[in-house]
2 protein chains.
Amino acid sequence: MKRMEAAIQNLRASGGRITNARRSVLQALVTARTHVTAEDLLNIVQSESPEIHLSTVYRTLDALEKLGVVDHVHLGHGRAVYHLSDNAHQHIVCDKCSSVEEVPSELFLQLEKDLKDKYRFKVRMNHFAVIGTCSQCLEKLDKSELN
Amino acid sequence: MKRMEAAIQNLRASGGRITNARRSVLQALVTARTHVTAEDLLNIVQSESPEIHLSTVYRTLDALEKLGVVDHVHLGHGRAVYHLSDNAHQHIVCDKCSSVEEVPSELFLQLEKDLKDKYRFKVRMNHFAVIGTCSQCLEKLDKSELN
DNA sequence: ATCTTTGCAAACTTTTTGCACCAAT
DNA sequence: ATTGGTGCAAAAAGTTTGCAAAGAT
């Protein structure tokens, strides 16, 4: 669990304190390893430490995000999902079934470069989701159009 | 105002009714012509017809969106912005100053194609925002790093 | 001892919903 | 006459905040 230790060093170095709550949230993030909502994290965390409060989860995520350890993406209907920072993938989100899939970042490299070169806009990788329709839902749609 | 008439036809054809509220919201969308929040629209609309309610704006936007006349994008901090459907541009949103810029869709064509071919995922153009840092904020950051 | 973090409850923001009334077709 | 839309008020859903007590350094 290198990531966990690195994050803890990071927190400490920035003058933060290492508390149970923070260790739990971090642990939960490592465990989950995918896009989880604050509430998902709360559930994981509370299965061990039921006293931990949702607002603490939010505040911890905030702190970790400021350190660059965590990122969050808004998936469209309000909820945000959080995960350990990692530039290796992006999210594609189905607007029919809300499923989230990860795709390699390389698909986005050209776009990133273009926006940089032509608009001096520095994309924050991993902080946006592409909305569309996933293969399963597309199939269902095709079938229903046959009727 | 072709767009407006087309939208009205569209509404009528789908069994919808043409009311003051709907005409106003549509008019406001045409007038604004950029990304506006539901509240922005409410303000525009209420300057003429103060009795129109926010929930009506939402319901109208909903109806128009189902017809494909309107689209909305979530910009990250909760608020959604709405605009007339138009595949010609995408949004890039600054995570520092929240400014929104439009960039031509062609930049996204390759990405769209890749996601289609490799993941059978059909991107819903115009329904996602790219988050990052705009040129102005980048400049400010550069300067502050010189200190 | 100091300064940060926590738990809780309450506030806030944005969007949705139930319902009785009203209006467009 | 029907069916769909409106205004209002209240609820939801997700997140943030103020505060006093507890905890990490």
Side-chain angles (χ1 to χ4, degrees), chain A residues 7-28 35-43 45-46 48-67 69-82 95 98 129, chain B residues 7-28 35-43 45-46 48-67 69-82 95 98 129:
Chain A
I8 286 183
Q9 292 314 321
N10 216 331
L11 253 182
R12 214 189 291 273
S14 75
R17 282 151 200 207
I18 312 306
T19 63
N20 275 346
R22 288 176 164 191
R23 232 189 293 268
S24 294
V25 171
L26 215 30
Q27 181 63 59
H35 11 74
V36 278
T37 64
E39 214 181 340
D40 292 339
L41 287 171
L42 183 70
N43 289 333
V45 150
Q46 285 194 336
E48 286 269 292
S49 317
E51 77 282 5
I52 292 178
H53 201 270
L54 181 57
S55 63
T56 301
V57 173
Y58 276 112
R59 286 191 275 220
T60 301
L61 287 170
D62 245 46
L64 294 173
E65 197 157 0
K66 280 195 184 110
L67 297 175
V69 173
V70 160
D71 249 310
H72 78 274
V73 191
H74 293 272
L75 297 189
H77 15 274
R79 276 170 210 84
V81 297
Y82 297 81
D95 59 0
S98 296
Chain B
I8 287 183
Q9 291 315 321
N10 215 331
L11 255 181
R12 215 189 290 274
S14 75
R17 284 155 198 205
I18 313 306
T19 64
N20 275 346
R22 288 176 164 192
R23 231 188 293 265
S24 295
V25 171
L26 215 29
Q27 181 63 60
H35 12 71
V36 278
T37 63
E39 214 181 339
D40 293 337
L41 287 171
L42 183 70
N43 290 333
V45 150
Q46 285 194 338
E48 285 271 291
S49 318
E51 78 281 5
I52 292 179
H53 201 271
L54 181 57
S55 64
T56 301
V57 173
Y58 276 110
R59 287 189 275 221
T60 301
L61 288 169
D62 245 49
L64 293 174
E65 198 157 1
K66 280 196 183 107
L67 297 177
V69 173
V70 160
D71 250 310
H72 77 275
V73 191
H74 293 273
L75 298 189
H77 15 274
R79 278 169 208 84
V81 295
Y82 297 80
D95 59 1
S98 296

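Chain identifiers are assigned alphabetically (A, B, ...) following the order of the sequence lines, protein sequences preceding nucleic acid strands; residue numbering begins at 1 within each chain. For clarity, every value in this text was computed on a predicted model and none was experimentally measured.
Residue A/Leu54 places its side chain closer to D/dT15 than to any other of C/dT15, D/dT15, C/dT14.
Atoms CZ (A/Arg23) and P (D/dA24) sit 9 Å apart, rounded to a whole Å. The interatomic distance linking A/His72 (NE2) with D/dG14 (C1') rounds to 12 Å, in whole Å. The CD1 atom of B/Ile8 sits 13 Å away from the P atom of C/dA24 (whole-angstrom rounding). We find that CG of B/Leu42 is positioned 15 Å from P of C/dT16, with the value rounded to whole Å.
The backbone N or O of A/Ala7 lies less than 3.5 Å from no partner atom in the side chain of A/Asn10, so there is not a single donor-acceptor pair. The backbone N or O of A/Arg22 sits less than 3.5 Å from a side-chain atom of A/Thr19, completing a donor-acceptor pair. Formation of a donor-acceptor pair under 3.5 Å by the A/Gln46 side chain with backbone atoms of A/Ile52 is found in this model.
To the nearest 0.5 Å, atoms CZ (B/Arg12) and CD1 (B/Ile18) are separated by 4.5 Å.
Between A/Tyr58 and D/dT15, a side-chain N or O to OP1/OP2 separation shorter than 4.0 Å is present.
Side-chain contact between B/Thr56 and B/Val45 is absent, with no heavy-atom pair separated by less than 4.5 Å.
Both B/Glu39 and B/Arg12 sit near DNA chain C, but only B/Glu39 has its closest nucleotide nearer the 5' end.
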Check your understanding: What string of B, S and - do you get for nucleotides 4-10 of chain C, 5' to 3', when a contact is any protein heavy atom under 4.0 Å?
Key -> SSBBB--
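Other residues, nucleotides and ligands contribute only 12 or fewer heavy atoms inside 6.0 Å of the CD atom of B/Glu48.
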